[in-house]
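Since we're looking at a predicted model, the values are computed, not measured. The chains referred to below are lettered A, B, ... by the order of the sequence lines, with proteins before strands, and numbering in each begins at 1. Only heavy atoms go into these numbers, but all of them, side chains included; no hydrogens, no water, no symmetry mates.
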Amino acid sequence: MIRVRFAPSPTGYLHIGGARTALFNHLFARRHQGVFILRIEDTDEVRSSHESVDAILESLAWLGLEWDEGPRLEPGRSGDWQERGNFAPYFQMRRLERYRQYVEQLLREGKAYRCYCTPEELDAMRRRAQLEKRPPRYEGRCRSLTEAQRRDHETQGRRASVRFRMPDEDATAVEDVIRGRVEFENRLLQDFVIQKTAGGPTYNFACVVDDHLMEITHVIRGDEHLSNTPSQLQVYAGLGWKPPQFAHLSMILGPDGAKLSKRHGATSVLEYKTQGFLPQALRNYLALLGWATPDSRQLFEAAELIGKFDLKGCQKNPATFDPQKLQWMNGTYIRKLTREELVRESAPFLESAGLGRVPREPLLRAVGLEAEKVKLLTEVPRLVDFFFKDAVYEQKAVEKVLRAPGAAKILEDIRALLQKTPGFLEKDLEAAIRGFCAGNNLKPAQAIHPIRVAVSGRTEGPSLFAMLEVLGREKVLERIGAAQRLI
RNA sequence: GGCCCUAUCGUCUAUCGGCUAGGACGCUGCCCUUUCAAGGCAGAAAGAGGGGUUCGACUCCCCUUAGGGCCA
């Protein structure tokens with residue numbers, strides 16, 4: 001049984017890179033009918049926050065990355081996830097006993113030791129090492145303290161951290177599914193802290209304990225953790241545990257080649273939501289950052305993605321995030337929606353644009369007419385607003401189209417014509433207007449352009465005749481009148 | 001500074017020693033068309049550099065260069 005986890009630190013929103021890692025884990029689990037676990041690594045009490053936890057959960061929910069397992073909730077402690085019929089995530093801060101237990105084991109077996117060096121002392125050592133051009137690693141001052149020395153430190157009231165005793169010789173090899181075998185010399189690994197003086201575990205330790213206890217089979221995570229892996233492997237060995245398989249995903253970079261960060265624009269998943277992206281589009285795009293099929297296909301339905309996802313298709317080199325391609329992809333997903341779905345997805349944006357209470361049927365039709373143009377849901381209100389609000393006449397449209405020679409006369413005739421057309425359906429209108437043009441020796445465009453500007457205020461828009469039908473006779477006549485007054 | 005990773009069009013990528021180097025975004029042109037789109041067709045655009053290995057290297061090895069990561 002395949003078991004994977006996504007293990008974010010709640011020190012900020014869920015960013016694009018984290019979302020991609022979560023997605024790959026989720027896809028891998030679904031592909032192999034495995035289990036996907038969410039583990040919140042909140043042992044850094046200073047930087048962790050509840051707001052971050054909420055943002056991460058909301059982001060995962062939006063992306064449809066639900067997890068399959070979690071701790072039993074204590075009675076009375078209900079979270080949102082419970083109401084959603086989901087599991088709670090695991091929180092490392094609620095598992096401190098377990099880490100302590102294994103620190104004790106390592107201490108007992110002499111595979112770890114207490115270190116009484118103060119931050120100031122460590123700092124001084126580091127500076128000295130740098131001055132002497134030695135690698136700034138822990139020198140092992142407390143590696144072999146005698147019992148007497150220990151007691152001495154204790155009576156002085158010094159608090160100890162616990163360090164893992166690294167072997168000095170040989171090398172540790174990481175067998176990475178994506179990168180192959182990567183070797184690290186043990187003498188360059190340092191005796192890293194596994195338990196802080198305050199008693200909490202460090203990242204590299206808690207991670208190992210949890211991955212083991214949660215029976216994780218594949219650790220799929222960002223490239224930045226590759227260098228931590230040999231230290232973690234030593235902990236597995238020290239505790240007598242079999243390590244999982246590792247797969248390190250390449251990083252996601254900004255357009256300038258540096259690690260993707262805030263200065264490159266939106267990096268928070270939720271920002272993409274508010275910018276009008278569809279979660280399925282973001283998922284599809286993210287899947288293609290660092291992964292591809294042999295035929296380089298671009299668009300995948302959710303189920304297809306699960307069926308095709310494969311760690312072997314993962315890229316070793318970092319990928320640059322391309323907002324333009326994401327937008328294109330969002331457009332293709334928007335065009336796949338029915339107009340009902342598009343209206344539903346755009347509802348929050350329509351609402352904040354003051355179009356929350358317009359009649360449903362005309363809204364559906366207006367949105368349907370504009371759908372092919374939409375790349376972001378945020379554009380929907382702007383594209384349909386003139387159907388429901390008074391037209392705002394663009395200055396250049398007035399000058400170039402309404403005030404064009406002959407336009408005034410055409411509008412006058414058209415207004416008279418539209419007053420008495422028997423029906424006001426697209427096909428009637430098209431027949432009437434084209435007939436008018438033919439009868440007056442006009443090219444259809446000569447009439448169509450001024451009418452478009454007159455009824456919508458702009459030069460761009462959907463098919464004119466469909467647009468007129470949706471607007472209805474009353475509004476059309478009224479607006480042509482308004483436009484005439486501008487000429 | 002030490003260690004590690006990476007290197008194909010501007011970007012995402014295909015290629016697992018035979019390549020006229022394929023696809024997608026973006027860009028340009030044409031077609032369709034009442035505008036804007038969408039769609040269709042066409043085009044420009046790539047193997048970082050240097051050594052090897054091989055009948056043959058984008059593909060394998062080494063070095064250099066560049067970018068990135070981790071440790072502080």
Grab the [atom1]-[atom2] distance between [X] and [N] for me, whole Å please.
| X | N | atom1 | atom2 | value |
| --- | --- | --- | --- | --- |
| A/Lys373 | B/C36 | NZ | P | 10 Å |
| A/Leu189 | B/C4 | CG | P | 11 Å |
| A/Met467 | B/A37 | CE | C1' | 14 Å |
| A/Leu288 | B/A14 | CG | P | 10 Å |

Between A/Pro444 and A/Tyr285, who's closer to the 5' end of RNA chain B by nearest nucleotide? A/Tyr285
Closest-nucleotide 5' rank along RNA chain B - winner of A/Glu430 and A/Leu253: A/Glu430
Test: A/Asp223 and A/Arg20 ion pair at under 4.0 Å: no
Every protein N/O within reach of nucleotides 23-30 of chain B N/O, cut-off under 3.5 Å:
residue	atom	partner	partner atom	Å
B/G23	N2	A/Gln298	NE2	3.2
B/A24	O2'	A/Gln298	OE1	3.2
B/A24	N3	A/Lys325	NZ	3.4
B/C25	O2'	A/Lys325	N	3.4

From the options [options], select the nucleotide whose nearest atom is closest to the side chain of [X].
| X | options | value |
| --- | --- | --- |
| A/His449 | B/U34, B/C5, B/U6 | B/U34 |
| A/Asn317 | B/A72, B/U13, B/G39 | B/U13 |
| A/Ala319 | B/A14, B/A37, B/C12 | B/C12 |

Any donor-acceptor pair under 3.5 Å between the side chain of A/Ser463 and the base of B/U35? no
When the side chains of residues 445-452 of chain A are checked against the rest of the protein, which donor-acceptor pairs come out under 3.5 Å, sequence neighbours left out?
residue	atom	partner	partner atom	Å
A/Gln446	OE1	A/Lys443	N	2.8
A/Arg452	NH1	A/Pro462	O	2.9
A/Arg452	NH2	A/Pro462	O	3.2

Between A/Phe164 and A/Phe192, how do the two ring planes meet: parallel, tilted or perpendicular, split at 30° and 60°? tilted
